[in-house]
Amino acid sequence: MKPQTQQTVNATEPGSMRLVATLGFAGLLSGLIIVSVFEATLPTITAYKARILQEAVFKVLPGSTRLQRLAYRKDKLAVVEEVGKEEEFVFGGYNSEGALVGYAIPGSGPGFQDIISLLYGYLPRQRKVVGMEILESRETPGLGDKIYKDAAFVANFDALSIDPEIVAVKRGSKSAPNEVDAITGATISSKAVVRIINQANQQWLQRLQIQQGE
Amino acid sequence: MPEKKQDTYQEFIKGLWRDNPVFVQVLGMCPMLAVTNSAVNALVMGGATFFVLVASSFFVSSLKNWIPKQVRISTYIIIIATFVTVTDFTLQALMPVVHKELGAFIPLIVANCMILGRQEAFASRNSVRLAVVDALGMASGFLFALFSLGAVREILGEGALFGFKLFSDDFEPWVIMILPPGGFITLGLLLLLFNWLKERKDRLVAQLDEMEIEPRFRS
């Protein structure tokens, strides 16, 4: 009789080793599954991200068919394959003959709700912005998201002079080549885009000028 | 009165309608309100939850005899989290555009109380077959609820469904419907509709019961 009662006690109250073993086994199995799925999907995810970035560069730099990453190292631009995490870089866009078309400059800054990150095309000779593409943003759907959904707003950046600096003005009152028609109902988001480009210009124009001079 | 038998069909249909996780149990509100600003987002979110719930219920129910009850919640969470991570990576690879829209809400499926609730309340106490059927029903109910909300909000807020324009250019979209308040308003109205239907049905059942009881008394 006695061993039987002990058995029932054992069955209802498993030892701590059993508990640890169960959780450990579950964790091990879960880890194996997650790592294999991660490994299996990684190439597709990386390829997609690279393609999206490439498409964005070609879109903001009309006429370019090839791109190169240019990192700013030791006071000059250098062609690099891999960019370090903290490193600042731009994309150089080249046409089919291998001549430089312009630079695609990434920029980011606070928008209305979260960080907006974008890419814009810049022609150093004309000192002009020739295209702008929002890469990531969480602006208000229906209002702030017009910074990439509203074709008329995006078209502001197709031939935009950067001198003395880009200014956002009330919709419909654009009169100078350096002015951008802001979106009605999304003034903060529009101004954020302009501010991000101005900041990136401040950071990069000098450096790109040096490169031109050489 | 209908027989209270635990048959497969009943287990399926209860999640879809009578015990709908959203409209009746009011569970899983976080994804419900956050990602239903378009029909596509709602469907993908519903689909992801569907996969996680059915797979988790299957595993929890099959392994229920090996899981000591002291560590059951942690084990359920490990099982659920595994499937959520798998879904996250798979969506990122197959549907990157939608994945970007859903953002943080895919990983948050782990914390969806409807899923853990089904494991604790049903899958861990029933056979594999019933657990899967129950999960299928609940998940379909959740998908249906997300889609109703997403479709209503997209139609009114964008004047479109699945991105296709439904109205002429004269239609002025109600922007508020795709913003968070629109989610609350739509959910409130849908809950109202469901409660009204339920009340009407209860009244009808009560009336029928009375009618049946009376002749018995006379005889």
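Each chain gets a letter, A, B and so on, in the order its sequence line appears, and its residues count up from 1.
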For Leu53(B) and Ala135(B), which heavy atoms make the closest approach, and how far apart are they? CD2-O, 3.8 Å
Check Lys146(A) with Glu139(A), please: is the shortest side-chain N to carboxylate O separation under 4.0 Å? no
For the interface with chain A, which of Ser74(B), Pro96(B), Ala81(B) has the highest count of heavy-atom pairs at distances below 4.5 Å? Pro96(B)
Side chain, backbone, both or neither: which part of [X] has a heavy atom under 4.5 Å from chain A?
X         : result
Val175(B) : side chain
Thr85(B)  : side chain
Val84(B)  : neither

If you count heavy-atom pairs under 4.5 Å with chain B, which of Leu29(A), Thr41(A), Thr44(A) comes out on top? Thr41(A)
Between the side chains of Thr184(A) and Arg171(A), does any donor sit under 3.5 Å from an acceptor?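 No pair is found: no donor N or O on one side chain lies under 3.5 Å from an acceptor on the other.
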Heavy-atom contact with chain B under 4.5 Å, split by part of Phe38(A): both
Measure Ser30(A) against the heavy atoms of chain B and call it side chain, backbone, both or neither at under 4.5 Å. both
Does Lys14(B), at its NZ atom, have more than 12 non-hydrogen atoms belonging to other residues, nucleotides or ligands within less than 6.0 Å?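 Count over threshold, so yes.
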In sequence, state the C-alpha distance, the side-chain angles, and the governing distance for Asn20(B) and Phe144(B), and then conclude on side chain to side chain contact (heavy atoms under 4.5 Å, CB included). CA-CA 9 Å; Asn20(B) 186 295; Phe144(B) 162 68; 4.0 Å; yes
Charged tip of Lys59(A) within 45° of Tyr148(A) ring normal and under 6.0 Å: no
